[in-house]
Amino acid sequence: MSAKLKPISGLTRRLIQDGFIELEDAEKYSVEASKDRLPLVAYLVKENIISADAIAAAAASEFGTAIIDLDALDPSMVPEGLVSEKLIRDHHAFPLFQRGKRLFVAVSDPTNRAALTDIQFQTGITTEEVLVREDQLTAYIDHHLGEPEEEGLTDFGDDVDLDLETIDPDQEEEDTSTPTDDTPVVRFINQMLLNAIRLGSSDLHFEPFEKSYKVRFRTDGILHEVATPPVTLSPRIAARLKVMSQMDISERRVPQDGRIKLKVSKTKSIDFRVNTLPVLFGEKIVLRILDASAAQMGIDALGYDDDQKALYLEALHKPQGMFLVTGPTGSGKTVSLYTGLNILNTPELNISTAEDPVEINLEGINQCPVNAKVGLDFSSALRSFLRQDPDIVMVGEIRDIETAEIAIKAAQTGHMVLSTLHTNSAPETITRLRNMGVPAFNLATSINLIVAQRLARRLCSCKEKIEVPETALLEKGFTQADLDAGLEIYGPKGCDKCNGGYKGRVGVYEVVKITPEIAKVIMEDGNSLEISRICQEQGFRNIYQSALLKVKQGLTSLNEVDRVTSGH
């Protein structure tokens, strides 16, 4: 279990002590609550994990405060319009009444100090908390504000006022008389950015065609068309995005890279990595949302099975060797590596990374952005690291023999090296490195672990059981023992809380430890098929077998397994 997970608050600690939940479950529920954008207490009650009465009683006992019955209060005392609806819903706190220079705010978790601070900042009135039951608080908020709008493409109106900051604060601001100073375009782009964040999307695509313009979001790994603005706005949309990313708006002939830092509140900001590409009818612009919270989730949230998690942690804490993560673009390799770095990130260790680009900023880790224009590539950065007394080195990607040789030399001289490759499976990773020119002996003696991964869409709680013929299940790879044990297969149904029956994604992994038997095959220059056969004999599941296990656990569907593994 990672020591870097968020500290357990007083109320959660009390619920653990009272035996309502276990520590491991509390960490898991905290992650799930964050995904649903809910406070932990609201999530526990919503999912019927702990009753509202039990939580309120525990809070009252822990913090020595009385529980107020909202049904007994006079609703006419509520100060209408004093606190914005957004603040109330974001913090799950409601202003009940004002007495003199004090505003009494209902909360179901007394540790929710951020709510009181932000409400006090907005109103200028000293706030005091009032403890209420979670179910009553939710009903009270919905009664006074109405049911929350579905998180879709709503019109935010003229009052959208985002605080946009760029990564390079020294660069001069663009002339405000440019075509980007166009309120409809500004509002439209702000609306797209906000909705992408709300929907949990990973990428935004702005695409000009001859007679149309499309905006698509990649949500849970699937692209969805979300807007079709007038094609005449294409140049203005491109110019606005380029100004926000601090690119050259006059250059339309070559691709450009930039970055947007979007401040959505006083304490939270979202980073976007931006790339432009000249196409036939303008410039296609893609924004990748860089989710810094992903690195803080902890290994338990990534979807590793228990035996795979044990191998991951064992390899991570070895004093030297290589830890390789492979898979196609967008398969979650970066998050897997950052999670490992976050576990290792302690004051006793010197950690350096070379990345192209640096996607997530981690405090305490020396992160070096690769810059090919000035000759700073992965290999030169790696050479410099080795002169700076490193304990752990992370190389964003091994692309060539030079980088591979330096990384292996570092792994053989007392350093832990983490890196990624673009291959489809763990055995193919060995073959790829051999084809680059790395000697088989060096691979067999330096690599500790190879993780190949994919991301499959996770079934929503609305999932439904489907009937599949036994012969079809056996053909898919399930065993007769699975069928005899009462195997249940689930498929997507669809509700107002998910995207076509899916909500979020779960990792599917092939985790291979380089055992003496596998090392022997590598040194004998065995091909990927021979290595794969030994991996199976050693008990390491391949990607497809791991995906079937996720189906058995009810986490994803057979169709999704076929989509992400190609039926391997």
Side-chain angles (χ1 to χ4, degrees), residues 312 315-316 318 320-341 344 351-360 365-372 375-388 390-454 509-514 518-519 522-523 525-528 531 543:
Y312 179 107
L316 198 64
K318 286 190 174 181
Q320 65 184 51
M322 289 188 73
F323 185 117
L324 298 175
V325 182
T326 81
T329 301
S331 60
K333 299 187 299 294
T334 301
V335 171
S336 282
L337 280 185
Y338 272 113
T339 300
L341 289 176
L344 294 169
I351 305 176
S352 296
T353 74
E355 304 171 62
D356 182 21
V358 175
E359 293 197 3
I360 300 172
I365 291 178
N366 306 290
Q367 296 173 277
C368 172
V370 168
N371 187 345
L376 179 59
D377 55 17
F378 284 122
S379 57
S380 58
L382 194 47
R383 283 195 198 93
S384 296
F385 290 167
L386 298 180
R387 302 186 194 108
Q388 296 210 337
D391 296 298
I392 297 160
V393 171
M394 193 269 268
V395 185
E397 184 184 347
I398 295 177
R399 298 175 178 171
D400 51 53
I401 180 62
E402 189 177 12
T403 305
E405 286 179 339
I406 301 169
I408 286 172
K409 189 177 295 182
Q412 292 174 330
T413 54
H415 306 94
M416 169 58 71
V417 179
L418 295 85
S419 190
T420 71
L421 283 92
H422 284 93
T423 60
N424 290 325
S425 68
E428 289 175 34
T429 302
I430 302 295
T431 305
R432 170 79 189 280
L433 290 169
R434 286 291 290 119
N435 290 341
M436 280 186 187
V438 180
F441 176 80
N442 286 347
L443 295 177
T445 57
S446 62
I447 298 176
N448 293 335
L449 192 78
I450 303 175
V451 177
Q453 65 181 80
R454 303 288 189 277
Y509 304 92
E510 175 184 23
V511 181
V512 174
K513 175 183 178 181
I514 304 302
I518 295 175
I522 294 172
M523 285 191 283
D525 216 12
N527 59 36
S528 60
I531 297 171
I543 289 277

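Computed from a predicted structure; not experimentally measured. We number each residue from 1, following the sequence as shown.
Atom CE of residue M394 and atom CG of residue L344 lie 11.5 Å apart, to the nearest 0.5 angstrom. The line from CG of L449 to CG of L324 is 8.5 Å long, rounded to the nearest 0.5 Å. Taken to the nearest 0.5 Å, the CD atom of Q320 stands 12.5 Å off from the CD1 atom of I392. Distance check, rounded to the nearest 0.5 Å: CD1 of I514 to CD1 of I522 gives 4.5 Å. Note that the CD1 atom of I365 and the CG atom of L341 stand 4.5 Å from one another [nearest 0.5 Å]. If you take OG1 on T431 and CG on L443, they are separated by 9.5 Å, rounding to the nearest 0.5 Å.
The closest donor-acceptor contact from the side chain of K333 to the backbone of P328 lies under 3.5 Å. R454 places a side-chain N or O within donor-acceptor distance of the main-chain N or O of N424, the cut-off being under 3.5 Å. Using a distance-only test at 3.5 Å, with no hydrogens or angles considered, a donor-acceptor pair links the side chain of T420 to the main chain of G396. E510 contributes a side-chain N or O that, together with a main-chain N or O of A426, makes up a donor-acceptor pair within less than 3.5 Å. Counting only distance, with no hydrogens or angles, the side chain of S419 and the backbone of V395 share a donor-acceptor pair below 3.5 Å. No donor-acceptor pair under 3.5 Å is formed between the side chain of Y312 and the backbone N or O of V451.
Taking each heavy atom of M322 and A407 in turn, the nearest pair found is CE-CB, 4.2 Å. Here the closest heavy-atom approach between residue G375 and residue S380 is recorded as O-OG, 3.3 Å. The minimum heavy-atom distance linking I401 with G437 is given by the pair CD1-C, 3.6 Å. Here the closest non-hydrogen pair linking I398 and M436 is O-CE, 3.6 Å. The shortest heavy-atom contact between V438 and N442 is CG1-CB, 4.3 Å. Across all their heavy atoms, A519 and A444 have their closest contact at O-CB, 3.8 Å.
Every residue was checked against the salt bridge (Lys or Arg N to Asp or Glu O under 4.0 Å) condition with D377, not counting sequence neighbours, and none meets it.
A heavy-atom distance below 4.5 Å is not found between the side chains of K409 and E405. Taking the side chain as every heavy atom from C-beta outward, I408 and V417 never approach each other to under 4.5 Å. L433 is listed as a side-chain neighbour of L421, based on a closest heavy-atom distance under 4.5 Å. Residues F378 and L382 form no side-chain contact, since every pair of their non-hydrogen atoms from C-beta on lies 4.5 Å or further apart. At least one side-chain heavy atom of I450 sits less than 4.5 Å from a side-chain heavy atom of I430. Side-chain contact between N448 and M416 is present, with at least one heavy-atom pair separated by less than 4.5 Å. H415 places a side-chain heavy atom less than 4.5 Å from the side chain of L386. Two residues are said to be in side-chain contact when any heavy atoms from C-beta on lie closer than 4.5 Å; F385 and C368 meet this criterion.
Sorted by first and then second residue, the pairs that involve residues 392-401 and meet side chain to side chain donor-acceptor pair (under 3.5 Å), not counting sequence neighbours, are D356-R399, E397-R399, E397-H422, D400-T403.
Q453 and S336 are linked by a side-chain donor-acceptor pair at a separation below 3.5 angstrom, with hydrogens and angles left out of the test.
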